Amino acid sequence: MTERLSDVTTGTDTSAAGRDSDSYDANRTTSNPDSYAGARETTEGTVYTVTGGDWDEVLAEAAGDERIVMNLGPQHPSTHGVLRLVLELEGETVTQARSVVGYLHTGIEKNLEYRNWTQGVTFVTRMDYLAPLHNEAAYCMAVEKLLGITVPQRAQTVRVILMELNRISSHLVALATGGMELGALTGMTSGFREREEVLHLLEFLTGLRMNHAFIRPGGLAQDLPEGAEQRIKDFITVMDSRLPDYDKLLTGQPIWRNRLANVGYLPVDACLALGITGPILRSAGLPWDLRKVEPYCGYENYEFDVPTSTAADSYARYLLRLEEMHQSLRIIRQAVDNLVAGPVMVEDAKVAWPAQLTIAADGMGNSLEHVRKIMGQSMESLIHHFKLVTEGFAVPAGQVYVPIESPRGELGYHVVSDGGTRPMRVHVREPSFVNLQSMPAMCEGSMVADVIASVASIDPVMGGCDR
């Protein structure tokens with residue numbers, strides 16, 4: 001009798017039929033014969049087996065032909081980490097290209113449903129890990145829209161500074177990794193050198209180099225440290241002196257230009273049909289930048305340009321990202337000059353968490369006066385503090401969609417609340433996921449070596465794609 005029981009620790013069918021590999025095909029059932037995933041019934045329910053049918057189908061189609069099917073990635077550095085490209089080649093020409101995603105499977109969107117609204121920041125900051133502060137800002141803006149609260153002016157300005165610093169660091173990684181993939185190793189080392197300058201500054205401002213969780217619903221976790229304004233100005237001076245070096249190193253370099261020019265062509269009508277945004281869309285001639293067309297965080301008060309091109313190729317995207325870094329420095333300089341004194345978190349004690357931080361040796365912790373009040377003088381304060389930290393605050397029922405301009409394009413958060421202390425649903429319109437649709441259009445008909453340049457010009461970050 002015990003032989004018929006399943007192994008409850010793993011959910012595996014250990015019955016005679018389940019153990020016998022020869023009987024697998026006989027017991028396998030699919031609702032759709034053409035389905036890629038076979039299924040069999042066990043005592044724990046239906047178990048599906050993904051067979052990789054897409055790969056088998058591609059090989060079958062190419063059998064007996066002069067075509068070659070090549071797997072590029074997911075471990076290959078040219079695929080930006082965990083992206084798999086299936087290329088069908090005739091000689092050196094790509095006749096068919098498809099992208100296969102899902103190798104990162106973080107499940108961040110689902111995890112957000114099991115954490116309170118403030119804890120959600122620590123998840124979204126790990127989606128697009130090259131633009132964590134943009135994810136934090138967009139998520140918090142959606143929560144604040146549901147709450148109907150307005151963030152203090154100082155917090156808005158600091159958010160702009162942090163996001164533009166993050167935009168610079170992201171574009172530097174795009175430039176550096178693209179240089180690495182195309183053999184311009186000096187461009188790679190220079191790009192990561194400048195990115196270290198940004199990360200050092202972000203660590204000074206927020207306490208962490210990446211995954212900051214510094215932007216919180218209602219404002220910021222804490223104010224900027226003493227001397228922050230001068231450190232930011234020093235950074236601007238350094239970058240103003242170093243960014244022109246990329247023009248000397250790469251822009252006029254004939255090999256770099258020939259590897260990128262007329263490669264990965266995607267005109268504006270194709271961008272619109274596929275929902276492509278960011279530098280790819282602007283390289284096709286459409287000046288669509290949400291900081292201009294749908295301003296947020298006070299961007300309407302800053303003077304900056306939206307660079308565009310009509311070349312619609314990889315070289316144009318490189319030039320645009322380089323110019324966007326100059327424009328970000330321009331915005332940061334104005335934001336520092338406009339930084340006014342004041343609170344960085346809303347006054348509502350039911351939302352402001354963590355509350356009343358003191359400037360301790362580690363920059364964290366509650367003030368002695370606050371601890372004395374909640375622990376020894378006011379039972380109501382103690383109860384409120386306990387519930388705020390453990391359960392979090394409740395958000396009125398409703399749903400919102402808040403888009404912002406991330407380094408890769410439109411980053412939008414669709415947040416649904418059922419009136420509780422946790423999100424009912426969070427869905428992210430992630431630009432890396434959407435922009436990857438352009439890969440076949442860019443690559444089919446080109447040489448296989450140009451696929452590397454095209455993917456680099458898309459600049460996908462798979463943490464956001466496989467959220």
Side-chain angles (χ1 to χ4, degrees), residues 36 50 52-55 57-59 68-89 94-109 126-132 134-135 170-183 188 191-192 210 259-260 263-266 270-271 274-281 314 317-318 321 406-411 428-467:
Y36 295 151
V50 180
D54 57 342
W55 177 247
E57 180 183 319
V58 170
L59 288 179
I68 299 173
V69 179
M70 183 179 72
N71 248 325
L72 186 64
Q75 78 290 345
H76 197 284
S78 298
T79 57
H80 285 236
V82 280
L83 170 65
R84 170 189 171 203
L85 302 179
V86 181
L87 305 177
E88 188 176 292
L89 309 177
V94 178
T95 58
Q96 189 175 10
R98 65 182 73 185
S99 57
V100 184
V101 302
Y103 289 94
L104 215 51
H105 48 75
T106 58
I108 288 175
E109 287 184 351
R126 287 165 168 79
M127 282 194 195
D128 182 346
Y129 38 77
L130 295 184
H134 288 84
N135 280 278
S170 179
H171 283 345
L172 285 169
V173 173
L175 189 152
T177 54
M180 173 193 70
E181 292 155 5
L182 298 176
M188 178 197 72
F192 279 110
M210 298 171 65
R259 284 304 309 272
L260 295 179
V263 170
Y265 178 75
L266 194 73
C271 290
L274 294 171
I276 309 302
T277 54
I280 304 176
L281 177 60
S314 298
R317 290 163 211 142
Y318 154 74
R321 288 189 175 99
S406 89
R408 268 154 286 283
E410 180 177 330
L411 171 65
V428 185
R429 193 269 185 202
E430 224 293 325
S432 290
F433 180 76
V434 179
N435 289 352
L436 267 175
Q437 295 181 102
S438 65
M439 190 276 296
M442 289 184 184
C443 298
E444 290 175 358
S446 66
M447 306 294 283
V448 65
D450 293 337
V451 172
I452 308 303
S454 298
V455 173
S457 74
I458 297 174
D459 185 30
V461 175
M462 303 311 294
C465 186
D466 297 340
R467 65 208 175 282

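On a predicted model such as this, the values are computed, not experimentally measured, just so you know.
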Measuring from atom CG of Asn435 to atom CD1 of Ile280, what distance do you get when rounded to the nearest 0.5 angstrom? 4.0 Å
Using a 3.5 Å cut-off and no angle test, enumerate the donor-acceptor pairs between side-chain atoms of residues 452-466 and protein atoms at least two apart in sequence or in another chain.
{"unit_1": "Ser454", "atom_1": "OG", "unit_2": "Asp450", "atom_2": "O", "d": "3.0"}
{"unit_1": "Ser457", "atom_1": "OG", "unit_2": "Ser314", "atom_2": "OG", "d": "3.4"}
{"unit_1": "Ser457", "atom_1": "OG", "unit_2": "Arg317", "atom_2": "NH1", "d": "2.9"}
{"unit_1": "Ser457", "atom_1": "OG", "unit_2": "Ser454", "atom_2": "O", "d": "2.7"}
{"unit_1": "Asp459", "atom_1": "OD2", "unit_2": "Arg408", "atom_2": "NH1", "d": "2.6"}
{"unit_1": "Asp466", "atom_1": "OD1", "unit_2": "Gly102", "atom_2": "N", "d": "3.0"}
{"unit_1": "Asp466", "atom_1": "OD2", "unit_2": "Gly102", "atom_2": "N", "d": "3.2"}
{"unit_1": "Asp466", "atom_1": "OD2", "unit_2": "Tyr103", "atom_2": "N", "d": "3.3"}
{"unit_1": "Asp466", "atom_1": "OD2", "unit_2": "Leu104", "atom_2": "N", "d": "3.2"}

Rounded to the nearest 0.5 Å, the CG atom of Leu411 sits from the CD atom of Glu430 at a distance of 6.0 Å
Main-chain N/O of Arg429 paired with Glu410 side-chain donor or acceptor, under 3.5 Å: no
Spatial distance of atom CE (Met188) from atom CD (Glu181) [nearest 0.5 Å]: 11.0 Å
As a quick check of understanding, evaluate side chain to side chain contact (heavy atoms under 4.5 Å, CB included) for Val86 and Val100, giving each step before the final call. CA-CA 8 Å; Val86 181; Val100 184; 4.0 Å; yes
Taking the side chain as C-beta and beyond, is there a heavy-atom pair between Val94 and Leu89 under 4.5 Å? yes
With a sphere of 6.0 Å drawn around CZ of Phe433, does it hold more than 12 non-hydrogen atoms of other residues, nucleotides or ligands? no
Which distance, rounded to the nearest 0.5 Å, do you find between the CG of Leu175 and the OH of Tyr318? 6.0 Å
Distance (rounded to the nearest 0.5 Å) between Leu266 CG and Cys443 SG: 10.5 Å
Give a yes or no on whether the backbone of Leu274 and the side-chain of Gln437 come within a donor-acceptor separation of less than 3.5 Å. yes
Mind running side chain to side chain contact (heavy atoms under 4.5 Å, CB included) on Leu83 and Leu436 for me, showing each step along the way? CA-CA 10 Å; Leu83 170 65; Leu436 267 175; 3.9 Å; yes
Output all residues satisfying side chain to side chain donor-acceptor pair (under 3.5 Å) with Arg321, sequence neighbours left out; order by chain, then residue number. none
Inter-residue atom distance Ile276.CD1 - Leu281.CG, 0.5 Å rounding: 8.5 Å
Could you tell me whether the side chain of Val448 reaches within less than 4.5 Å of the side chain of Leu72, counting heavy atoms only? no
Hey, is the main chain of His134 close enough, under 3.5 Å, to the side chain of Ser406 for a donor-acceptor pair? no
Qualifying side chain to side chain donor-acceptor pair (under 3.5 Å) pairs with a residue from residues 438-448, counting only residues at least two apart or across chains: none
